[in-house]
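Below is one structure, written out as structure tokens; the observations come after it.
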2 protein chains.
Amino acid sequence: MRNRLKILRAERNWSQADLADRLSVSRQTVNAIETEKYDPSLPLAFKIADLFALRIEDIFAPA
Amino acid sequence: MRNRLKILRAERNWSQADLADRLSVSRQTVNAIETEKYDPSLPLAFKIADLFALRIEDIFAPA
DNA sequence: TCATTATGTAAAATAAACTTGACACAATGT
DNA sequence: ACATTGTGTCAAGTTTATTTTACATAATGA
């Protein structure tokens with residue numbers, strides 16, 4: 001699942017660890033999502049969208 | 001995760017099995033999501049939103 | 001040069017999503 | 001009375017998401 005996490009992070013100058021902290025997940029989870037190793041769960045996708053004040057569809061796109 | 005699947009199904013007069021077929025998942029998966037036994041994966045949430053031509057946030061809401 | 005930070009990745013474990021197969025029950029139609 | 005349909009649920013198994021711990025490497029700063 002393609003996503004704009006890296007860009008959204010860069011805009012805020014956040015490291016993967018920073019983002020992980022704000023999402024209460026591990027740094028490896030953030031890394032795995034960014035590098036498309038796996039997709040976030042729906043609850044996590046909601047958390048991410050919430051954090052960036054965007055809609056899920058504005059951050060993630062299938063395949 | 002609260003969701004409007006049952007309503008959206010009812011509007012179309014689809015059974016859980018009908019919806020499952022359209023989503024290429026099992027009937028039990030649809031039932032489990034409707035009865036909030038678990039949340040769909042993000043890819044499945046996208047499929048559902050796509051099928052109903054709605055946004056994920058218009059179908060699902062955290063907790 | 002040394003310590004720190006950011007990122008990528010791996011392995012092993014647990015949790016969550018999803019499958020198939022099955023059974024029960026209520027409602028509907030023949 | 002019988003068969004069918006829709007829904008809820010359970011058990012056992014597979015796949016996917018997430019965790020912790022750990023290691024490698026590149027870049028930065030003292």
Side-chain angles (χ1 to χ4, degrees):
Chain A
M1 171 120 5
R2 295 184 41 211
N3 69 79
R4 309 205 309 123
L5 278 193
K6 192 170 181 169
I7 293 162
L8 293 167
R9 258 196 323 110
E11 287 172 356
R12 288 155 184 80
N13 202 30
W14 291 347
S15 68
Q16 291 182 347
D18 289 334
L19 177 55
D21 281 350
R22 288 171 206 262
L23 295 171
S24 302
V25 295
S26 69
R27 179 181 70 82
Q28 285 81 347
T29 290
V30 168
N31 183 272
I33 294 167
E34 281 196 11
T35 57
E36 300 187 17
K37 287 236 234 6
Y38 51 73
D39 301 319
S41 66
L42 185 56
L44 181 50
F46 265 97
K47 255 187 172 179
I48 293 168
D50 214 54
L51 179 59
F52 291 115
L54 290 171
R55 288 187 298 240
I56 291 174
E57 288 88 347
D58 293 330
I59 302 177
F60 298 94
Chain B
M1 171 115 18
R2 295 185 44 211
N3 68 78
R4 308 205 311 122
L5 278 193
K6 192 169 182 170
I7 294 163
L8 293 167
R9 257 195 326 108
E11 286 172 355
R12 286 155 185 81
N13 202 30
W14 289 349
S15 68
Q16 290 182 348
D18 289 334
L19 177 54
D21 282 349
R22 288 172 207 261
L23 296 171
S24 302
V25 296
S26 70
R27 179 181 70 82
Q28 286 83 343
T29 291
V30 169
N31 183 271
I33 294 167
E34 282 196 9
T35 56
E36 300 187 17
K37 287 236 261 320
Y38 50 73
D39 301 318
S41 67
L42 185 56
L44 181 51
F46 264 98
K47 256 187 171 178
I48 293 168
D50 214 54
L51 178 59
F52 291 115
L54 290 171
R55 288 187 298 241
I56 290 174
E57 287 88 348
D58 293 330
I59 302 177
F60 298 94

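First the proteins, then the strands, lettered A, B, ... as listed; each starts at 1.
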* Using modelled atom types only, decide if a donor and an acceptor are shared between the side chain of B/Arg9 and the backbone of B/Trp14 within a distance under 3.5 Å. =>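 Yes, because the side chain of B/Arg9 sits within donor-acceptor range (under 3.5 Å) of the backbone of B/Trp14.
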* Do the side chain of B/Asn3 and the main chain of B/Ile33 share a donor and acceptor less than 3.5 angstrom apart? -> yes
* Asked: Do the side chains of B/Arg12 and B/Asp18 get nearer than 4.5 Å, heavy atoms only?
  -> no
* To do: Flag the pair B/Glu36 / B/Met1 as yes when at least one side-chain heavy-atom distance between them is below 4.5 Å, and no otherwise.
  => no
Whole Å only: how far is the [atom1] atom of [X] from the [atom2] atom of [N]?
X: B/Asn31; N: C/dC18; atom1: CG; atom2: C1'; value: 13 Å
X: B/Lys47; N: C/dA17; atom1: NZ; atom2: P; value: 17 Å
X: B/Ile33; N: D/dG8; atom1: CD1; atom2: C1'; value: 15 Å
X: B/Leu44; N: D/dT15; atom1: CG; atom2: C1'; value: 14 Å
X: A/Gln16; N: C/dT5; atom1: CD; atom2: C1'; value: 12 Å
X: B/Asn13; N: C/dT28; atom1: CG; atom2: C1'; value: 14 Å
X: A/Trp14; N: C/dA6; atom1: CH2; atom2: P; value: 14 Å
X: B/Phe60; N: C/dA17; atom1: CZ; atom2: P; value: 12 Å

* Under 4.0 angstrom, heavy atoms only, what part of the nucleic acid is A/Ser26 near: base, sugar-phosphate, or nothing? ->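 The answer is base, as A/Ser26 lies within the cut-off (heavy atoms under 4.0 Å) of a base atom.
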* To do: Give one of base, sugar-phosphate or nothing for A/Ser41, where a contact means two heavy atoms less than 4.0 Å apart.
  =>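 Sugar-phosphate, backbone atoms only, no base.
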* Asked: Taking the side chain of B/Asp39 as its heavy atoms from C-beta onward, which of C/dA17, C/dT7, C/dT19 lies nearest to it?
  -> C/dA17
* To do: With the side chain of A/Thr29 defined as its heavy atoms from C-beta on, choose the nearest nucleotide among D/dT19, C/dC18, D/dG8.
  => D/dT19
* Asked: Nearest heavy-atom pair of A/Ala45 and A/Ile56: which atoms, and what distance?
  ->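 So the minimum-distance heavy-atom pair works out to O-CG1, 3.8 Å.
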Confirm from the modelled atom types if [X] and [N] form a donor-acceptor pair under 3.5 Å, side chain to base only.
X: A/Glu34; N: C/dG8; answer: no
X: A/Gln28; N: C/dT7; answer: no
X: B/Arg27; N: D/dG8; answer: yes

